[in-house]
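Reckoned from all heavy atoms, side chains included, excluding hydrogens, waters and symmetry mates. We're numbering straight along the sequence, starting at 1. Counting starts at 1 for both ligands and their atoms, following the listed order. Keep in mind that what you see is a predicted model, and the values were worked out from it rather than measured.
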Amino acid sequence: MGQQQETVALVAGGAGFIGSNLTDALLARGWRVLCLDNFLTGRYDNLRHLEREPRFDILDADVTEPLPPRLTRSGRRISYIFNLACAASPPHYQANPEHTLLTNVLGTWRLLGLAQAHGARFLQASTSEVYGDPETHPQRESYWGHVNPTGPRACYDEGKRAAETLTFDFLRAQRGDVRVARIFNTYGPRMRADDGRVVSNAITQALSGDDITLYGGGEQTRSFCYVDDMVDGLMRLMLHEDPYRGAINLGNPEEITVQNLAARVLRLTGARSGVTFRPLPIDDPRRRRPDISVAEKVLGWRPRVSLDTGLKRTIAHFSGVAREAAMIPLKRRGSVKPPA
Ligand code: UDP
């Protein structure tokens, strides 16, 4: 029957911001999707619209623990594993640094083992943080990075670097097929309002009439990629058959200061808020912009959504969330039941 040919993807971190948007794209391709999430930063609300979707399942599990037996002895073969499991916002990943490091190291190791057991292709969601506070600009994949291994960001940066190492060792040992995306700052609908990132902070502050907080002098730069572009890049990376064997940067090369971002948010929301300056966090990278020539060449990918368009959609999302949040209490971790 057709059912036997169904493509099954596992999305670890599927209840998160990028993971849930990716899940929607995979389901739209006609695939079956298993979402694995510990709901620490992922939210059931991101998946509520899939409650009646027969091709979608949720497993409430933490990748630092042995994987649920249902995954390892499932009759259904998983063809693709996307590993997006990890808190990605500095305040969230620093809240429990040991867990962050282990999520990246143990979690990636367990999911690679699962990939081997199923003969699944494995995509590791890595990060621009592997470049740390970069000494070269823009950042190319060939740059080895400038990371403080003992600072407060190290649990994430070094965890993601170790996860890349595990992934490429797995490839060298010919245990399976892997892909590594180095994801640069991504924003869009389904970011958490309390994510702590500059985009979500600035929008929620502007919408509630509060001052926008800028860390340091606001002169540091980032390059912001809209989530639909990122999901497209991740899909292309997973599906391409080119023999390219390195990590690939995915991000939008349009670079701006965070001060400029704040000004845009004020203009697009029409808010009359001001700007308040706060101390710059330790090891905060000064500049970041991806060189995406490899992604362009190998995947035929480049971002399409302009910053203003993406910000408008994100502002609309946060305006809606504010209205909904007033009516529906958020579902908490523990109230999410994996399907029987
Ligand atoms: N930032 C800021 N105000 C905020 C949150 C962040 O000025 O309310 C700064 C932060 O110090 C960093 C930049 O904005 O220089 C991007 O921070 P974010 O947490 O969004 O991403 P990441 O540091 O992971 O690139």
Residues that [X] engages under ring-ring contact (aromatic ring centres under 6.0 Å, His included), provided they are two or more places apart:
X	answer
Trp31	Tyr80
Phe122	none
Tyr187	Tyr226

For the residue pair Ser306 and Asp308, confirm or rule out a side-chain donor-acceptor distance under 3.5 Å. no

Using only heavy-atom distances, determine whether the side chains of Glu164 and Ser126 contain a donor-acceptor pair under 3.5 Å. yes

Considering only heavy atoms, which protein residues lie less than 4.0 Å from any atom of ligand 1? Pro90, Glu129, Arg153, Asn185, Gly196, Arg197, Val198, Asn201, Thr213, Leu214, Tyr215, Gln220, Arg222, Val258, Pro281, Asp284, Arg288

Please find the pair of heavy atoms, one from Ala87 and one from Tyr93, that lie closest to each other, and give the distance. O-CB, 3.6 Å

